[in-house]
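This one's a predicted model, so the numbers in the text were calculated from it and none came from an experiment. Reminder, nothing fancy here: chain letters follow the sequence lines and each chain counts from 1. Reckoned from all heavy atoms, side chains included, excluding hydrogens, waters and symmetry mates.
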2 protein chains.
Amino acid sequence: MHAAMLEAPSRSVRTTIYSVPVPSVIAIKTHCSSCHLRDLCLPCGLAEADVDSLDGLMFARRKVKAGEALYLEGDKFLFIYAVRSGTFKASLTLADGRDQVSGFYMAGELMGLDGLAQGAYASSAIALEDTEICAIPYSLLSELSSSAANMQHVVTRLMSREIVREHSLMMLLGSMNAEERLAAFLLNLSQRLKARGYSAHEFHLRMSRAEIGSYLGMKLETVSRTFSAFALQGLLEVDKRHIRIVNPEGLKRSFELRMR
Amino acid sequence: MHAAMLEAPSRSVRTTIYSVPVPSVIAIKTHCSSCHLRDLCLPCGLAEADVDSLDGLMFARRKVKAGEALYLEGDKFLFIYAVRSGTFKASLTLADGRDQVSGFYMAGELMGLDGLAQGAYASSAIALEDTEICAIPYSLLSELSSSAANMQHVVTRLMSREIVREHSLMMLLGSMNAEERLAAFLLNLSQRLKARGYSAHEFHLRMSRAEIGSYLGMKLETVSRTFSAFALQGLLEVDKRHIRIVNPEGLKRSFELRMR
DNA sequence: CGCTAAGTTGAGAGATGTCAAATATAGTGG
DNA sequence: CCACTATATTTGACATCTCTCAACTTAGCG
């Protein structure tokens, strides 16, 4: 069953070609219980007993290099992927070949849930740096759900969380201006980095201005200008992708100006 | 267990007050198998045997009048609701009391799935006209999932569908201009009405310009102007909320101008 | 019959997009 | 190691789109 992961995915026609390498070695496998991400990732919220049942299985690990695709929009949905390290973007390719970024994923976050509806991934997952992931066969998860009572709730809750995440992005896109969008984005990143033990106030962006812009519904020039505006206001220090949040409270205010 | 539905929901503080009436009579109950919506609604995609297991239970029906709330943001998540007739809007209240519409739901569509993540609804459901709904206790659905193998997939697939729906709304908000947004909105409505046996080309909008605008991320004046522009281009005939799509192909083109 | 809410339309302001140029950076091949 | 190329980022000038504010119309309702 895991062999399916090694198959070259059925590729849809597209203008941007991402390479999908065939792993050269048999994937390493990992237990959930010994994983340093267990409090953020799939097991989060599971009872002891259920984590144990998860552990009867091991999940294949795989490295994905910067710029490579983990899966492409339209590929058959077989796995849910947990990010072990590094950052991914999820993007949808529009009919004209441009793509729109629909999310960024970091360690402990799960990707691919949008594939269930159609049996094929609705978006592509592209590594923004060298990454490592856990491949969780969906079929296994289904089986487990029948035996381990809470397992199903976990999956369902994860999906619901994804819905809520998208809700808030919709709010952002629907009712916020450029400064508010970028502030919201940075504060969200900051919070997620903090939860992972990194500094909340100083970090390196893994994505380009264009990718941020695509995600936030604005042009890359506007993203750049807004960074500069924040720097001018003394809220941030910006050096290309290196960001230092000088005044988190001020940033929050600028974001709550309209939200409040 | 059904009694919970009759409880007045715990209300969060808000500026807009929606009335939540206490039903005066014991709710009527309905079988899925005899429902005229069975091909659109929950049973869609279920095997015979599983529909039967659904039918061991009956779901409480309830009427919700125009302007009333079925549930409010923050209410405890107990039910998934299927629309039997009429139209709802889902809306989130921002901190300043304005609300943002996150979706419109019509017959056969399921509401409330966003409540799972937090155990509380993430949005409010407001009836845009007199409506009737089926209340499906989530706990029952969970139980069923253990026995009926496909039931769990159905719920999960429904959630995944919701994620995909929000994906496309994000794309819309992120990369389309006013005309494209309204065209996409009208074509989506048209298609859903058609699937329900109504005319695809002539219909009555149940929502105000302001609600459309909130959903599409634009001001009500811009919505109105865009309607007028479409009428001028000979694509639509617009008389307040009565819409006739004169040139569906043209509308599609105007919407695909940027998408193509 | 007047009141209120919804919708339409106009004029001007403000925000963001577009196009273009300059600079910086990283990776490549000689 | 260096020059060179491609890419990312910043910034300016101007165009365009959408918002804001305001007036007016229409329809529904007590």
Side-chain angles (χ1 to χ4, degrees), chain A residues 16 18-19 65-67 89 96 98-101 126 128-130 172-183 185-186 204-233 236-243 254-255 257-258, chain B residues 16 65-67 89 98 100-101 126 128-130 172-183 185-186 204-233 236-243 254-255 257-258:
Chain A
T16 314
Y18 296 105
S19 58
K65 293 219 186 98
K89 69 170 177 185
D96 68 353
R98 288 172 316 152
D99 57 22
Q100 163 127 3
V101 174
I126 316 292
L128 296 178
E129 55 188 321
D130 290 355
L172 182 151
L173 293 171
S175 68
M176 287 164 70
N177 67 20
E179 291 207 352
E180 293 163 341
R181 289 176 196 204
L182 190 59
F185 172 72
L186 292 172
H204 187 82
L205 296 173
R206 304 300 170 168
M207 61 294 282
S208 70
R209 300 290 189 260
E211 284 161 339
I212 296 172
S214 172
Y215 181 62
L216 297 178
M218 51 208 251
K219 295 292 152 182
L220 69 94
E221 292 95 330
T222 308
V223 175
S224 180
R225 274 184 242 278
T226 310
F227 269 122
S228 301
F230 281 153
L232 214 63
Q233 295 166 46
L236 299 180
E237 282 171 17
V238 182
D239 178 26
K240 301 275 175 284
R241 296 192 180 185
H242 188 87
I243 304 292
S254 96
F255 147 67
L257 267 184
R258 186 166 305 199
Chain B
T16 313
K65 291 219 187 96
K89 69 170 177 184
R98 289 171 316 152
Q100 162 128 4
V101 174
I126 316 292
L128 296 178
E129 55 189 323
D130 289 356
L172 182 150
L173 292 171
S175 67
M176 288 164 71
N177 67 20
E179 291 206 352
E180 292 164 341
R181 289 177 196 204
L182 190 60
F185 172 73
L186 291 172
H204 187 81
L205 296 173
R206 304 300 171 168
M207 62 294 283
S208 69
R209 300 290 189 259
E211 284 161 340
I212 296 172
S214 172
Y215 181 62
L216 297 178
M218 50 208 250
K219 296 291 150 181
L220 70 95
E221 292 95 331
T222 307
V223 175
S224 181
R225 275 183 242 278
T226 309
F227 268 122
S228 301
F230 281 154
L232 214 63
Q233 294 165 47
L236 298 180
E237 282 172 16
V238 182
D239 179 26
K240 301 275 175 285
R241 297 193 180 185
H242 187 87
I243 304 293
S254 98
F255 145 68
L257 267 184
R258 187 166 306 200

S.K.: Take atom CD of B/E211 and atom P of C/dA5, then tell me their distance rounded to the nearest Å.
M.R.: 15 Å
S.K.: Without swapping roles, check the side chain of B/D130 against the backbone of B/K65 for a donor-acceptor pair under 3.5 Å.
M.R.: no
S.K.: Output the rounded distance in Å from CD1 (A/I212) to P (C/dT16).
M.R.: 16 Å
S.K.: Between B/R241 and C/dA6, does any side-chain N or O lie under 4.0 Å from OP1 or OP2?
M.R.: no
S.K.: Between B/S228 and C/dT9, is there a side-chain N or O to OP1/OP2 distance below 4.0 Å?
M.R.: yes
S.K.: Ignoring hydrogens and angles, tell me if any N or O in the side chain of A/R209 forms a donor-acceptor pair with the backbone of A/K240 under 3.5 Å.
M.R.: yes
S.K.: For A/S224, answer base if it contacts any base atom (sugar-phosphate contacts may also be present), sugar-phosphate if it contacts only those atoms, and nothing otherwise; contact means non-hydrogen atoms under 4.0 Å.
M.R.: base
S.K.: Within this structure, what is the CG-to-P distance between A/D239 and D/dT10, rounded to whole angstrom?
M.R.: 9 Å
S.K.: Between atom CD in B/E180 and atom P in C/dG17, what is the gap in whole Å?
M.R.: 13 Å
S.K.: Rounding to a whole Å, what distance do you find between A/E129:CD and C/dA26:P?
M.R.: 16 Å
S.K.: By nearest atom, which of the nucleotides D/dC19, C/dT8, C/dC19 is closest to the B/V238 side chain?
M.R.: C/dT8
S.K.: What is the distance from CG of A/L220 to P of C/dC19, rounded to the nearest Å?
M.R.: 13 Å
S.K.: Of B/R225 and A/E179, whose nearest nucleotide on DNA chain C comes first from the 5' end?
M.R.: B/R225
S.K.: Look at the side chain of B/K240 and decide which nucleotide, out of D/dA27, C/dG17, D/dT9, has an atom nearest to it.
M.R.: D/dA27
S.K.: Evaluate the side-chain proximity of A/I212 to A/L205: yes if any heavy-atom separation is below 4.5 Å, no if none is.
M.R.: yes
S.K.: Is the closest side-chain heavy-atom distance between B/V223 and B/Y215 below 4.5 Å?
M.R.: no
S.K.: Nearest whole angstrom, please: distance from the P of D/dT18 to the CE of A/M218.
M.R.: 17 Å
S.K.: Does A/K219 have a side-chain nitrogen or oxygen under 4.0 Å from the phosphate oxygens OP1 or OP2 of C/dT18?
M.R.: yes
S.K.: If you round to the nearest 0.5 Å, how far is CD1 of A/I126 from CG of A/D99?
M.R.: 7.5 Å
S.K.: Can you check the A/E221 CD to C/dA22 P distance for me, whole Å?
M.R.: 16 Å
